[in-house]
Amino acid sequence: MALNQMRSLKSVIIAKNAVGVGQRTFAAGAGKAKKGSKGAASDAPKGSTLSKEVKSTTVVGANILKDGADPKIFLDSEYPDWLWHLLDKRPALSELRRKDIETLPYEDLKRFVKLDNRARIKENNSVKAKN
């Protein structure tokens with residue numbers, strides 16, 4: 001029995017070493033392992049070697065491609081207007097229900113219809129699930 005276990009263990013180890021396909025690697029530092037880095041002192045961040053000019057004109061670390069370059073930073077006027085409104089707070093359904101529907105702006109009315117439909121669908125689904 002011990003001999004069978006040794007054979008199966010040996011075949012697993014050989015199979016692991018032979019299979020290199022399908023392993024994920026990263027763009028920078030793939031396959032480089034630090035030896036003897038056991039303490040937190042070796043994990044401390046090191047000073048940046050990038051110049052201040054490069055830091056102020058590119059988004060360092062935003063590149064996701066192996067052979068790609070970091071994207072450049074443009075002036076605010078070169079970006080589309082809608083980009084600056086993505087993080088604006090939008091009213092919740094309860095706030096929209098308190099307001100008069102006739103006086104709502106088009107964007108808020110559209111949001112109200114979407115959120116109201118979503119709430120009705122969830123309510124109907126919960127009623128059906130209980131039955």
Donor-acceptor check, side chain of Asp70 to backbone of Thr58, threshold 3.5 angstrom: yes or no? no
Same cluster or not: Tyr79 versus Leu86, using hydrophobic residues (I, L, V, M, F, W, Y) connected whenever any side-chain heavy atoms lie under 4.5 Å apart? yes
For Leu96 and Pro91, work out which heavy atoms get closest and say how close. CD2-CG, 3.7 Å
Is the CD atom of Glu123 crowded by more than 12 outside heavy atoms at less than 6.0 Å? no
Can you name the side chain to side chain donor-acceptor pair (under 3.5 Å) partners of Arg120, sequence neighbours left out? Asn117
Just grab all the salt bridge (Lys or Arg N to Asp or Glu O under 4.0 Å) pairs involving residues 92-102, residues at least two apart or on different chains. Arg97-Asp116
Spell out, yes or no, whether Ile101 and Tyr106 are grouped together once hydrophobic residues are joined by side-chain heavy atoms under 4.5 Å, including indirect joins. no
If you take all heavy atoms of Leu93 and Ala119, which pair is closest and at what distance? CD2-CB, 4.0 Å
Can you list the residues that meet the side chain to side chain donor-acceptor pair (under 3.5 Å) rule with Asp81, with sequence neighbours excluded? none
Answer yes if Trp84 and Phe74 sit in the same cluster of Ile, Leu, Val, Met, Phe, Trp and Tyr residues linked by side chain heavy atoms under 4.5 Å apart, and no otherwise. yes
